[in-house]
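Counting starts at 1 for both ligands and their atoms, in listed order.
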Amino acid sequence: MANDASAVFDARSPQSLADPFTPPADSSLWRKNFLLGAATASYQIEGAVAEDGRLPSIWDTFSATPGKVLAGDTGAVACDHYHRWQEDVDMLAGLGLEAYRLSIAWPRVMDASGAPNRKGLDFYKRLLARLKEKGIATSVTLYHWDLPQHLEDRGGWLNRDTAYRFADYADLMSRELAGSVDAWSTLNEPWCSAYLGYGNGHHAPGLADGRFATQAMHHLLLAHGLALPVLRANDPASQKGIVANMGRGTANSDSAADRRATYLFEVQHNAWILDPLLKGAYPRDLFELWPGTEPLVLDGDMQTIAAPLDFLGVNYYFRTNLASDGAHGFREVPPQGVERTQMGWEVYPDGLRDLLTGFRKTYANLPPIYITENGMASDDKVTDGRVDDTQRIAFLKRHLAAVDQAIKAGVDVRGYFLWSLMDNFEWAFGYERRFGVVHVDYATQKRTIKRSAELVAKFLRERKART
Ligand code: FCB
């Protein structure tokens with residue numbers, strides 16, 4: 001039996017006009033040039049890992065290794081998007097989403113000799129053409145972690161040669177897809193590739209050595225820098241940038257030691273990537289934190305890495321509360337009694353605002369920003385054909401309010417992508433963690449629009465009607 005409180009959240013109720021998502025009238029989100037979209041990544045949704053000549057990636061290998069992924073899940077089928085892409089694009093269009101961020105699976109489009117795989121390329125051509133037809137802007141990431149396994153077998157990101165292979169891949173893609181991509185991102189979250197992949201081994205390829213992490217990072221950033229001029233030459237009209245996950249640290253106390261620990265945490269998460277890109281140098285403090293891990297840098301590398309960007313993609317999820325570890329580093333002090341998500345991540349929208357306003361102060365040449373990922377996981381269930389993801393609705397509303405505050409404080413934020421369009425393979429956590437605004441039943445592949453997506457769609461309709 002419905003009570004008064006539940007009626008407020010019922011889509012069919014007239015009271016839902018005062019819905020729990022729609023931004024206030026003075027929010028910059030009402031500006032029609034603020035792009036609102038959704039994001040996914042190839043390995044997390046496509047499946048069809050052995051079809052049409054796709055080669056194995058490091059995530060196929062890693063997820064097939066016992067103990068690496070929760071419940072032994074793999075991306076072999078995922079959301080079966082490789083076969084259901086038309087239905088998925090229709091879903092995006094039906095929700096009125098204005099932009100779609102997707103990634104290309106490198107092992108689907110190139111063979112081990114570097115020759116194009118036509119069948120793989122055709123998949124992305126069809127997908128991008130259909131998105132264009134529907135008037136959806138396209139934001140394409142070249143590398144969202146699915147490195148071809150044959151490159152890992154030759155050292156992966158520890159081998160400088162991989163950076164040159166990446167530039168060849170960027171060349172092929174931008175020649176083949178020129179004109180159908182609005183924004184190219186070279187890499188997704190190099191911090192995760194370098195640190196989780198080579199520093200602590202939580203992600204593929206699963207190596208764990210601090211020196212590996214900094215060397216892998218250098219080759220990732222070099223790959224980015226080598227690819228940029230190639231993308232510019234082949235597809236001049238599009239925007240070019242990179243996507244980075246940014247960590248917000250807060251100090252557990254006002255003591256100088258805790259504040260220093262917090263500063264070092266942000267050096268390790270943010271300046272490690274942003275300083276090379278925007279200042280052309282690694283932060284010295286990184287090597288105070290990790291002595292003896294300086295990567296091998298050749299003449300000219302830093303200039304290559306620091307080539308100007310058209311945009312910076314920022315992914316934000318939570319904050320980390322920190323104290324000094326009593327030596328030269330930091331330790332995490334999880335706050336008690338705070339709201340958390342299914343990942344255990346704290347809900348902390350102010351962190352997004354504070355990061356953005358902080359970057360504006362630190363980097364005089366900060367490019368325009370897109371929030372390329374933000375969202376949360378919850379244990380969503382379909383009941384009577386509906387998914388009431390109330391925690392996500394409040395999460396999105398509060399994080400969009402934080403973006404609005406950053407814009408009002410002078411940060412040039414041009415758009416926001418929900419992570420994620422649909423529930424998918426959440427890396428080391430498999431299918432248990434549900435980040436989608438659309439629910440996926442993995443047994444039947446049935447998609448169910450969650451209440452959060454309905455409310456985003458409602459807002460987009462209202463915004464469109466006003467202009
Ligand atoms: C980011 C990844 C993305 C997704 C979210 C939850 O680190 O870029 O693929 O898994 O986290």
Tell me whether Asp52 is salt-bridged to Arg54, with the criterion being a basic N under 4.0 Å from an acidic carboxylate O.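 Judged by the 4.0 Å cut-off on N to carboxylate O distance, Asp52 and Arg54 do not form a salt bridge.
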
So, are Asp423 and Lys450 salt-bridged, with charged N and O less than 4.0 Å apart? yes

Can you list every protein residue that has a heavy atom under 4.0 Å from any atom of ligand 1, sorted by chain and residue number?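 Its neighbours under 4.0 Å (heavy atoms only) are Gln44, His144, Trp145, Asn188, Glu189, Tyr317, Glu373, Trp419, Glu426, Trp427, Phe435, given by chain and number.
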
Are Tyr370 and Tyr416 an aromatic pair by the rule of ring centers under 6.0 Å? no

Within 6.0 Å of NZ in Lys125, more than 12 heavy atoms from elsewhere: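 Result for NZ/Lys125: enclosed.
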
Any side-chain to backbone donor/acceptor pair from Gln44 onto Phe425? Under 3.5 Å, distance only. yes

In the structure I gave you, are the side-chain heavy atoms of Asn374 and His399 within less than 4.5 Å of one another anywhere?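 Asn374 reaches His399 side chain to side chain.
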
